[in-house]
Amino acid sequence: MDILFAPPDLRRIDALQCEACWFPFFSDERPLRGVLGLVDWRMGARLSRQILRGRLRGKRGEVLLMPCERFLPFEKIFLCGLGPRAEFDEAAYVGAVESMLSTFESARIRAAVCALPCRTTGAIEPETAITSLLACARNYADYEELTILDDPAAQRAMEPVIAQERRRERAEPA
């Protein structure tokens, strides 16, 4: 799987060529923040309306699929609940990443964009976030490309971990 990076702003997101996007959010965080807040704004608050109607609560493990191609250059948007912010830890992070990869596999998504859980708040360090993502991704071989929305400093911190994983993969016998 190729891992690419893009800054979390709408102009850069508009230039991406992927099938789907995946955004996590907390059950007790309103209004929606970060890149998901921008996406909700672009979609005319459709995501917020789903929350207000009770169709989306943000509880841990909840996933909602919505079409978004009129608003973003993707066919689908997956929204993933993380539960309450105070209960989110590294184990919950791994669970959310597993949910993302499993959801993409079930939907046969080969190229996607994602915002990693808790990266916008800094609660999960970049190196920990990418190490866990790569460990989980070993169980899912069908992905071609994953673009991570994060800032340039996080990208610089994640790149050596990705390079190390590529070296490990090349060294493994086929």
Side-chain angles (χ1 to χ4, degrees), residues 1-26 29-48 50 56 58 62-82 85 88 90 92-105 107 109-137 140 143-163 165:
M1 165 175 47
D2 286 335
I3 295 181
L4 307 172
F5 292 94
D9 70 60
L10 288 176
R11 187 175 28 199
R12 298 291 177 91
I13 291 170
D14 285 341
L16 298 174
Q17 300 294 316
C18 294
E19 300 169 66
C21 52
W22 186 87
F23 296 108
F25 71 101
F26 292 103
E29 184 177 73
R30 302 294 180 271
L32 297 172
R33 292 190 174 94
V35 69
L36 184 54
L38 293 173
V39 167
D40 189 34
W41 174 80
R42 168 72 67 81
M43 293 178 71
R46 281 175 173 75
L47 307 179
S48 292
Q50 295 298 319
L56 183 63
E62 176 184 38
V63 177
L64 177 72
L65 167 65
M66 290 182 63
C68 67
E69 56 193 5
R70 283 186 28 223
F71 306 99
L72 295 165
F74 317 114
E75 296 170 18
K76 305 166 186 84
I77 182 171
F78 293 93
L79 302 169
C80 176
L82 299 175
R85 177 183 285 270
F88 193 81
E90 204 167 319
Y93 174 84
V94 170
V97 168
E98 282 284 348
S99 174
M100 174 185 71
L101 295 172
S102 174
T103 299
F104 287 162
E105 182 176 68
I109 303 295
R110 300 289 178 251
V113 173
C114 75
L116 296 176
C118 274
R119 280 295 312 126
T120 56
T121 63
I124 300 285
E125 293 299 319
E127 297 87 350
T128 303
I130 197 67
T131 299
S132 295
L133 171 72
L134 293 171
C136 292
Y140 302 91
Y143 299 115
E144 295 173 14
E145 184 176 284
L146 181 65
T147 301
I148 297 171
L149 300 173
D150 214 326
D151 64 62
Q155 177 182 345
R156 286 189 297 278
M158 291 181 191
E159 284 175 338
V161 178
I162 295 168
E165 176 67 10

Quiz item: Between atom SG of C136 and atom OH of Y93, what is the distance when rounded to the nearest 0.5 Å?
Solution: 8.0 Å
Quiz item: Hey, what do you get for CZ (F5) to OG1 (T147), rounding to the nearest 0.5 Å?
Solution: 9.5 Å
Quiz item: Which heavy atom in C118 sits nearest to a heavy atom in F26, and how many Å separate them?
Solution: SG-CZ, 3.4 Å
Quiz item: Would you say the side chain of L56 lies within less than 4.5 Å of the side chain of L47, judging by non-hydrogen atoms?
Solution: no
Quiz item: Out of curiosity, Q155 CD to I130 CD1, how far, rounded to the nearest 0.5 Å?
Solution: 10.5 Å
Practice problem: Measure across M43 and R46 and return the closest heavy-atom pair with its distance rounded to 0.1 Å. | Solution: O-NH1, 2.7 Å
Quiz item: Between E19 and A111, is there a donor-acceptor pair closer than 3.5 Å when you use the side chain of the first and the backbone of the second?
Solution: yes
Exercise. Please examine the side chains of C80 and M100, heavy atoms only from C-beta on, and report whether any two atoms are closer than 4.5 Å.
Key: no
Quiz prompt | Verdict with reasoning, V39 to L32, per side chain to side chain contact (heavy atoms under 4.5 Å, CB included) | solution = CA-CA 9 Å; V39 167; L32 297 172; over 6 Å; no
Quiz item: Quick check: does any side chain N or O of R12 sit under 3.5 Å from a backbone N or O of A6, one acting as donor and the other as acceptor?
Solution: no
Self-check item: Student check: side-chain heavy atoms of P117 and I124 closer than 4.5 Å
Solution: no
Exercise. Would you please test R42 and D14 for side chain to side chain contact (heavy atoms under 4.5 Å, CB included) and show each step?
Key: CA-CA 11 Å; R42 168 72 67 81; D14 285 341; 2.9 Å; yes
Practice problem: Indicate yes or no: at least one non-hydrogen side-chain atom of V35 is less than 4.5 angstrom from one of I13. | Solution: yes
Quiz prompt | D150 side chain reached by P126 side chain, heavy atoms, under 4.5 Å | solution = no
Exercise. Mark yes when over 12 heavy atoms from residues, nucleotides or ligands other than E90 sit less than 6.0 Å from its CD; otherwise mark no.
Key: no
Quiz item: When rounded to the nearest 0.5 angstrom, what is the spacing between CD in E98 and OG1 in T103?
Solution: 10.5 Å
Quiz item: What is the minimum heavy-atom distance between L133 and I3, and which atoms define it?
Solution: CD2-CD1, 4.3 Å
Quiz item: In Å and rounded to the nearest 0.5 Å, what is the CZ to OG distance from R30 to S48?
Solution: 8.0 Å
Practice problem: Answer whether the closest heavy-atom distance between the side chains of M66 and L64 falls below 4.5 Å. | Solution: yes
Quiz item: So, does R119 use its side chain to make a donor-acceptor pair with the main chain of L116 at under 3.5 Å?
Solution: no
Self-check item: Candidate pair I109 and W22, rule side chain to side chain contact (heavy atoms under 4.5 Å, CB included), full reasoning
Solution: CA-CA 11 Å; I109 303 295; W22 186 87; over 6 Å; no
Exercise. Begin from the C-alpha positions of I148 and C114 and carry the test side chain to side chain contact (heavy atoms under 4.5 Å, CB included) through to its verdict.
Key: CA-CA 5 Å; I148 297 171; C114 75; 4.2 Å; yes
Quiz item: Is the backbone of L101 close enough, under 3.5 Å, to the side chain of E105 for a donor and an acceptor to pair up by distance?
Solution: no
Quiz item: Roughly how far, to the nearest 0.5 Å, is the SG atom of C18 from the CG atom of L72?
Solution: 11.5 Å
Quiz item: Is S132 reaching over with its side chain to a backbone N or O of T128, donor-acceptor style, under 3.5 angstrom?
Solution: yes
